[in-house]
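Presented below is the structure to which this report refers.
Keep in mind the model is a prediction, meaning the values are calculated, not measured.
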Amino acid sequence: MNKFFIMLALSIITKANSQTANDYYSSGNNKYLLKDYKEAIKDFTKAIEIEPDFSKAYYSRAQAKSQQKKYKNAIEDLNKVIQIDSKNSKAYYSRANTKSILQDYTGAIEDYSKMIDINPTFSQAYNARAELRFKLKQIESGCMDLNKAGELGYPYPFDYINKKCK
């Protein structure tokens, strides 16, 4: 009989102390806001261990890794987000930004394009894609993106567009 009560007590204590994936995710977000990226990554990783398809945890872990300049690792997490949810426009946009930092301009343009396919009114993606197209000397398509970004409300001075797109 005593063994039963001991096992019951241990079971209750274990359940009371066990955290859910959402608990770790929330804790990771709090640590991220405090700029404790190393500890945030640990919490996001624990959330993923509990719930392997937790795309928000992968996305947040990618953001924390980017803050630590671990860009290739961040891309791995963003790849996982996209694998889980192929319509996650934020993941494509973040992956494009990260590829741009790594000077993978062609890959970044592809991701901005995919993001635009999903969310065609996101002016920042047109702007970012335009800037990369200019770096790659794709002036005509860069100008088309600048104009589209402006049409969608991106705050361009018109003389900037005229200067880039003579």
Side-chain angles (χ1 to χ4, degrees), residues 10-136 138 141-142 145-146 148-150 152-156:
L10 285 174
S11 174
I12 292 170
I13 290 169
T14 302
K15 286 184 181 186
N17 289 330
S18 65
Q19 291 184 292
T20 67
N22 279 324
D23 293 335
Y24 282 113
Y25 175 70
S26 294
S27 176
N29 281 331
N30 289 333
K31 290 172 182 172
Y32 182 92
L33 291 172
L34 295 171
K35 298 184 180 185
D36 187 354
Y37 304 119
K38 184 178 178 182
E39 291 302 313
I41 289 169
K42 287 180 184 178
D43 282 347
F44 296 136
T45 300
K46 288 177 184 174
I48 291 165
E49 288 169 358
I50 294 168
E51 194 176 318
D53 285 340
F54 196 167
S55 65
K56 287 182 179 180
Y58 281 104
Y59 182 83
S60 295
R61 188 170 73 175
Q63 299 309 304
K65 288 176 178 179
S66 287
Q67 290 296 325
Q68 293 185 317
K69 300 188 184 327
K70 295 179 180 179
Y71 300 118
K72 290 181 181 176
N73 296 47
I75 286 175
E76 290 172 8
D77 279 347
L78 293 166
N79 290 343
K80 185 66 177 178
V81 174
I82 291 166
Q83 178 188 340
I84 294 167
D85 178 9
S86 64
K87 299 289 185 195
N88 188 319
S89 61
K90 287 186 350 182
Y92 283 105
Y93 186 72
S94 291
R95 191 171 73 175
N97 289 337
T98 306
K99 286 179 178 180
S100 182
I101 291 167
L102 294 172
Q103 297 182 341
D104 175 8
Y105 300 135
T106 302
I109 287 171
E110 289 172 7
D111 281 345
Y112 287 129
S113 297
K114 183 64 178 172
M115 193 278 173
I116 289 166
D117 288 343
I118 296 167
N119 184 357
T121 61
F122 191 66
S123 64
Q124 291 94 322
Y126 288 97
N127 175 65
R129 188 172 70 176
E131 295 302 328
L132 293 181
R133 285 180 165 168
F134 289 135
K135 284 184 182 192
L136 296 176
Q138 299 171 0
S141 57
D145 280 345
L146 279 185
K148 185 65 176 177
L152 293 170
Y154 196 83
Y156 273 125

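- Once rounded to the nearest 0.5 Å, the distance linking CG of Leu136 with OH of Tyr105 reads 8.0 Å.
- For the atom pair CD (Glu39) and CZ (Phe44), the distance works out to 11.5 Å, reported to the nearest 0.5 Å.
- Lys99 meets the salt bridge (charged side-chain N to carboxylate O under 4.0 Å, His left out) test with Asp111; sequence neighbours excluded.
- Under the salt bridge (charged side-chain N to carboxylate O under 4.0 Å, His left out) criterion, Glu110 pairs with no residue at all, not counting sequence neighbours.
- Under the 4.5 Å side-chain criterion, counting only non-hydrogen atoms from C-beta, Thr98 is in contact with Leu78.
- Residues Tyr37 and Gln68 bring no donor and acceptor atom of their side chains to less than 3.5 Å of each other.
- Of the possible polar contacts, one joining the Asp23 side chain to the Thr20 backbone as a donor-acceptor pair under 3.5 Å is found.
- Ile82 contributes atom CD1, which lies 10.0 Å from atom CD1 of Ile75 (distance to the nearest 0.5 angstrom).
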For residues 47-59, tabulate all N or O donor-acceptor pairs below 3.5 Å that involve a side-chain atom, not counting sequence neighbours.
unit_1: Tyr58; atom_1: OH; unit_2: Pro52; atom_2: O; d: 3.1
unit_1: Tyr59; atom_1: OH; unit_2: Ser94; atom_2: OG; d: 2.9

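- To the nearest 0.5 Å, atom CG of residue Asn88 and atom NZ of residue Lys114 are 11.5 Å apart.
- Note on residues 64-75: pairs passing salt bridge (Lys or Arg N to Asp or Glu O under 4.0 Å), not counting sequence neighbours, are Lys65-Asp77.
- Interatomic distance, CD1 of Ile41 versus NZ of Lys46, reported as 13.0 Å (0.5 Å rounding).
- For Gln83, the side-chain contact (heavy atoms from CB on, under 4.5 Å) partners are Lys80, not counting sequence neighbours.
- Here the side chain of Ser113 pairs a donor or acceptor atom with the backbone of Ile109 at under 3.5 angstrom.
- Applying the side-chain hydrogen bond (donor to acceptor under 3.5 Å, both in side chains) test to Asp117 and every residue at least two apart in sequence or in another chain returns nothing.
- By the 4.5 Å heavy-atom criterion applied to side chains, Phe134 and Ser141 are not counted as neighbours.
- With sequence neighbours left out, the side-chain hydrogen bond (donor to acceptor under 3.5 Å, both in side chains) criterion links Thr45 to Arg61.
- Residues that satisfy the side-chain hydrogen bond (donor to acceptor under 3.5 Å, both in side chains) test with Asp104, not counting sequence neighbours, are absent from this structure.
- Each salt bridge (Lys or Arg N to Asp or Glu O under 4.0 Å) pair with one or both residues in residues 119-133, not counting sequence neighbours, appears once here: Arg129-Asp145, Arg133-Asp145.
- Every residue two or more places apart in sequence or in another chain that forms a salt bridge (charged side-chain N to carboxylate O under 4.0 Å, His left out) with Lys31 is listed here: Asp43.
- Taking 4.5 Å as the limit, some side-chain heavy atom of Ser60 sits within range of a side-chain heavy atom of Tyr25.
- With sequence neighbours left out, the ring pair (Phe, Tyr, Trp, His ring centres under 6.0 Å) criterion links Tyr154 to Tyr156.
- With sequence neighbours left out, the side-chain hydrogen bond (donor to acceptor under 3.5 Å, both in side chains) criterion links Asp36 to no other residue.
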